[in-house]
Amino acid sequence: MVELNHQVIKEALASLEFHTKAIINGKAVDALSGKTFPAENPATGQVFTHIALCGEEDVELAVQNAREVFERGDWSRLAPADRRRIMVKFADLIDEHALELALLEVVEAGKPVSETLYTDIHETAECIRWHAEATDKIYDQVCPTSRDNLGMIIREPIGVVAAVLPWNFPAQMAAWKLGPALSMGNSIIIKPAEITTLSTIRLAELALEAGIPAGVFNVIPGEGSVVGQALGLHMEVDCCAFTGSTSVGRKFLEYAAKSNLKRIILELGGKSPQIVMPDVVDLKTTAQHVAAAAFWNMGENCSSGSRLIVHESLKEPLLKALLTEMEGWQLGDPLDPEVKLGSMIGQKHMNNVLSYIEKGLEEGAELRLGGKQVLKETGGYFVEPTIFDNVTNDMTIAQEEIFGPVLSVITFKTEEEAIQIANDTNYGLASSLHTENIHVANRMARLIKAGTVSINCFSEGDSTAPFGGFKQSGFGGRDKSLAAHDQYAELKTVWYENR
Ligand code: NAP
Ligand code: MG
């Protein structure tokens, strides 16, 4: 893997090109209208390129092509071993272009380069590889019939899959959909978030280079309310996989109801708890995990552990350890390999985060760290990591997803109270639990209403672990693991009777 230093980054930046066209039927094309939209670097406030702004007519073309390719079987009817081979090549090409892809995500999203290279793009390749490898290792089933019958339960690709994606982990969220959808043999159309389009366009080009046939993986850049809606309502789209906010996720259920009852899979927001029990001994390590849960990716993370629910006896010592830990979290230029915290995604989102901080103060929470916009001289949108103490779970900052670097600290007295506070939210995506006691861990893990409970760490698990939410954090399926393959497949029964 590339060793990051200023020189390596400088050279790679100098040769960085922006591929800004839609990918439809294996070709890089302008929007049919010829329109474009500006791409802004949120760490500098500068516009650096313009990207194809597609509309309904481009969606129409992409869906038609994706459908034709699917029915012809260019990809859908390949032997699983052939799909595996080509997808593994695709993963290898992602690794080869890791620095380029990583830098695209830095300039578009303000994410720190050490994160985009070593986490986002690395995991993107790993995810494609993992699902690729599964392609020729999953068996279908035979029904337990009498000897006069043979019943086969076969999984077939669902058809044309649309994926409408967020801006916080652009390539990785694309891979979470692409891996299982391509492995099953589907055609896929991705609408990336408008503000983070470039790495997804490059992924589609690398897929073509690897040998994934034209029309199988398309990218339609544009606005959610236009391109996203057109995909959601399209009669020839068989499945929409959406990752984003709960409010937009709801619309996809309406789109399906108003059109062809397409399958809808939603990965949505969160307000995830981190519970610290009174028996925890190693506060330094715990503080490291608490910080990562709250502040990784500037808190622009659906599984962010934005509520620290700590036993009252440990609050002060843990906060002390946390404040010490945060001294090592350098905020600044995301192109600096030492930086751990980059900019917010944009000005509008930054203002939203700052208004939540205002609201926290108004409602009586006590600021222990941060709270302000900083580095204004860069032209970028930076917010300090912020910790609020004396939060009660009914406050706005404890109930609403802020999607920024804001941690709320809430105390409890009993195990029951910890669980009650943890579950007192409309969301149920992730959670962390810190304890030395395996019995407490096992008991509480069963009681927390969340798709993931990580114990003595902050983690979403690796590719083998399903990821998705309870309650209003999700609907209809799971990303990652073999569970993700099923959601891009239809079950078919083939039934024989002996003559
Ligand atoms: P968002 O506003 O819901 O946008 C997500 C996607 O939906 C974007 O591509 C957006 O397009 C599109 N969209 C917007 N309006 C639409 C409409 N009316 N019809 C169809 N599509 C539409 O979410 P975001 O601000 O990008 O991301 C933040 C949210 O994502 C947070 O709530 C976070 O928790 C969630 N998230 C969840 C997961 C998970 O796995 N559960 C992972 C990451 C993020 P444009 O933005 O281009 O208009
Ligand atoms: Mg949005």
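The residues of the chain are indexed from 1 along the displayed sequence. Just follow the structure's listing: the first ligand is 1, and inside any ligand the first atom is 1.
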Among [options], which residue places a heavy atom closest to [atom]?
| atom | options | answer |
| --- | --- | --- |
| atom 16 (C) of ligand 1 | Leu233, Thr196, Val248 | Val248 |
| atom 28 (C) of ligand 1 | Phe403, Tyr427, Phe169 | Phe403 |
| atom 47 (O) of ligand 1 | Glu460, Arg250, Glu254, Glu194 | Glu194 |

Which atoms of ligand 1 sit under 4.0 Å from any heavy atom of [X]?
| X | value |
| --- | --- |
| Phe252 | 20 (C), 21 (N) |
| Lys191 | 9 (O), 11 (O), 45 (P), 47 (O) |
| Thr243 | 5 (C), 36 (N), 37 (C), 38 (C), 39 (C), 40 (O), 42 (C), 43 (C), 44 (C) |
| Glu267 | 37 (C), 39 (C), 40 (O), 41 (N) |
| Leu429 | 41 (N) |
| Ser245 | 1 (P), 2 (O), 3 (O), 23 (O), 29 (C), 30 (O), 32 (O) |
| Gly222 | 47 (O) |
| Val164 | 6 (C), 7 (O), 9 (O), 12 (C), 21 (N) |

Anything under 30° is parallel, anything over 60° is perpendicular, the rest tilted; go ahead and classify Phe18 against Phe48.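 Geometry flag for Phe48 against Phe18: tilted rings.
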Would you call Leu268 and Tyr427 a side-chain contact if the rule is heavy atoms closer than 4.5 Å?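 No, side chains not in contact.
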With side chains defined as the heavy atoms from C-beta onward, is the minimum distance between Leu182 and Trp75 less than 4.5 Å? yes
Option among Ile51, Asn41, Thr116, Ile345 that satisfies the side chain to side chain contact (heavy atoms under 4.5 Å, CB included) test with Glu108: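 Option passing the side chain to side chain contact (heavy atoms under 4.5 Å, CB included) with Glu108: Ile51.
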Distance-only N or O hit between ligand 1 and [X], under 3.5 Å:
| X | answer |
| --- | --- |
| Asn168 | no |
| Gly244 | yes |
| Trp176 | no |
| Tyr255 | yes |
| Gly224 | yes |
| Gly228 | no |
| Asp479 | no |

For Asp486 and Arg155: C-alpha separation, side-chain torsions, deciding distance, then whether salt bridge (charged side-chain N to carboxylate O under 4.0 Å, His left out) applies. CA-CA 8 Å; Asp486 290 338; Arg155 291 168 329 134; 2.7 Å; yes
For [X], does the [atom1] atom have more than 12 heavy-atom neighbours from other residues, nucleotides or ligands under 6.0 Å away?
| X | atom1 | value |
| --- | --- | --- |
| Glu133 | CD | yes |
| Lys471 | NZ | yes |
| Lys251 | NZ | no |
| Lys137 | NZ | yes |

Should the pair Lys111 and Phe169 be classed as cation-pi, given the thresholds of under 6.0 Å to the six-membered ring centre and 45° from the axis?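 Relative to the ring axis of Phe169, which defines the angle, Lys111 lies inside both limits.
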I'd like to know whether ligand 1 has Gly232 as a neighbour, heavy-atom separation below 4.0 Å.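 Distance cut 4.0 Å: Gly232 fails for ligand 1.
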Under 4.0 Å from ligand 1, counting heavy atoms only, is it the side chain of Lys251, its backbone, both or neither?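 Side chain only.
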Euclidean distance, Glu267 CD relative to Leu429 CG, rounded to 0.5 Å: 7.0 Å
Do Glu126 and Trp130 pair up side chain to side chain, a donor and an acceptor below 3.5 Å, judged on atom types alone?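 Side-chain D/A pair, Glu126 to Trp130: absent.
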